[in-house]
Protein chains: 2
Amino acid sequence: MRSPLSLQEKITLLSQFYRREHRLPGYAEMLTLFDYRSRNAVFKLLRRMELAGVVRIGANGKLSATDRLSGAIRLLGQVKAGFPSPAEEELADTISLDEYLISHPAATFMLTVSGDSMLDAGIHPGDLVLVEKGREARHNDVVLAQVDGEWTLKYYICDAHGVRLEAANRRYPPIRPRQSLQIGGVVRAVIRKYR
Amino acid sequence: MRSPLSLQEKITLLSQFYRREHRLPGYAEMLTLFDYRSRNAVFKLLRRMELAGVVRIGANGKLSATDRLSGAIRLLGQVKAGFPSPAEEELADTISLDEYLISHPAATFMLTVSGDSMLDAGIHPGDLVLVEKGREARHNDVVLAQVDGEWTLKYYICDAHGVRLEAANRRYPPIRPRQSLQIGGVVRAVIRKYR
DNA sequence: ATTATAGGTGAACGATCGTTCACTGACAAG
DNA sequence: CTTGTCAGTGAACGATCGTTCACCTATAAT
């Protein structure tokens, strides 16, 4: 017979369930999850988890996950400041990458960079870009554009001389479209994943 | 009296509820959300939404969100291929940034880059880095390390001569620690958000 | 005009939820 | 040793859920 689980261990179980099932368990499922026999115990545990900030209980009794449960991470300051103390860490905001980087999920796509035309802008081959369709390109945006039948990333430059596309690599000359320019979307973020 | 909502409009309502409340609505809430009077109508609508791939109904009748509802984006191929046809787009995998970039949310932190010592590695001032605590640094990892009381990002180089930290910018010489080296964590991803 | 289908309604039923109350045992504090 | 607190149990109750069945109306297809 194992010793009773701590609150943190129960939070871990709940988080694992949430990430696996994309929903919070019902009362019957929580009886099994926490090895309880009493729904009142579940009721009380949820109060304690709300105090711990991992769930929220609506006015109608409905249970929601907070960012703390759903895989968000802690948002700290600048690199040079490093990590704060554990107490300060505990108070740090949480941030969901999905929510922070994507405002229109249905219009946003992830593509992999294969060329080096934007190297000086810090966009390397193998990087990932989030491209939002249907967003009007503005001066200095990085855009996904079609040039000579091939898609490419470039700066979108719009000045007194009209519109042109510029690479961020001196090996690639600016492109002035003769016909209409086809912009697939605007780059909203660049991501480089290690290991 | 408005015309009846299409399935897609109902999916949009459901997605908005999910992103606002971090849970799916119950039957009573869906009556209000979709302007229904009958729980059987909700029941049938959920079948249709499951066929559309935006929710999943478990063996126990419990409702879960799929990635399509929860803000994931479509994963396409390489930039040079651009966007596929609408039919191909529909079949594309979805990907959640939270799940893709973060394997240990509780041990991962986001910090903002302020220096230029890693410029040649495509890490610019203003970029965001995801740093995972408690992960052992390996050769060629980008790490968050403490040098002379200040935290910095560097390559972690481990060879026959021992351990040293190298910048990705010729203006910064390699660092060979005289005392023990303090590594705060390993950089798992770099993110640059535009606009 | 007839038939079929889609998408809604209402009712009924058993299951589950959400909450309250009284209680118990273990443990900590005085 | 006594008292207080915490975290669980069990029971009860009304509310909500999840599902099935029969039915209706609008629309499309024949």
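Within every chain, numbering begins at 1; the chains are lettered A, B, ... in the order of the sequence lines, protein sequences first and strands thereafter.
For A:Phe43 and D:dT9, the CZ to P distance is 15 Å, given to the nearest whole Å. D:dA22 atom P lies 12 Å from atom NZ of B:Lys44, rounded to whole Å. Separating the CG atom of A:Leu31 from the P atom of C:dA15 is a distance of 16 Å, rounded to the nearest angstrom. Remark: P of C:dG18 and CE of A:Met49 are 15 Å apart, rounded to the nearest angstrom. Between the OH atom of A:Tyr27 and the P atom of D:dG8 there is a distance of 14 Å, given to the nearest Å. C:dC17 atom C1' lies 13 Å from atom CZ of A:Arg23, rounded to whole Å. Rounded to a whole Å, the CG atom of A:Leu46 is 14 Å from the P atom of D:dA7. Distance B:Glu50 CD to D:dG18 C1': 14 Å, rounded to the nearest Å.
Residues A:Ser96 and A:Asp67 have side chains that never bring a donor and an acceptor to within less than 3.5 angstrom of each other.
Taking both residues in full, the closest heavy atoms of B:Leu76 and B:Pro84 are given as CD1-CD, 3.7 Å, listed atom of the first, atom of the second, then distance.
Using a 4.0 Å heavy-atom distance criterion, A:Ala28 is classed as a sugar-phosphate-only contact. Here B:Asn40 lies in heavy-atom contact (under 4.0 Å) with a base.
B:His104 contributes atom NE2, which lies 12.0 Å from atom CD1 of B:Ile102 (distance to the nearest 0.5 angstrom). Taking CG of A:Leu7 as the start and CG of A:Leu14 as the end, the distance is 10.5 Å to the nearest 0.5 Å.
Look at B:Arg39 and you won't find any side-chain N or O under 4.0 angstrom from OP1 or OP2 of C:dG10. Side-chain N/O atoms of B:Lys62 include one lying less than 4.0 angstrom from OP1 or OP2 on C:dC17. Contact annotation: B:Arg47 side-chain N/O to D:dT19 OP1/OP2 distance is under 4.0 Å.
Put simply, B:Tyr172 and B:Ile183 are part of two different groups of oily side chains (I, L, V, M, F, W, Y) that touch within less than 4.5 Å, one to the next.
Ranked by how close their nearest DNA chain C nucleotide is to the 5' end, A:Pro25 and B:Tyr36 are led by B:Tyr36. In terms of position on DNA chain C, the residue among A:Gly61 and B:Lys10 whose nearest nucleotide sits closer to the 5' end is B:Lys10.
When distances are taken from the side chain of B:Ser38 to each of C:dG8, D:dG10, C:dG10, the shortest belongs to C:dG10.
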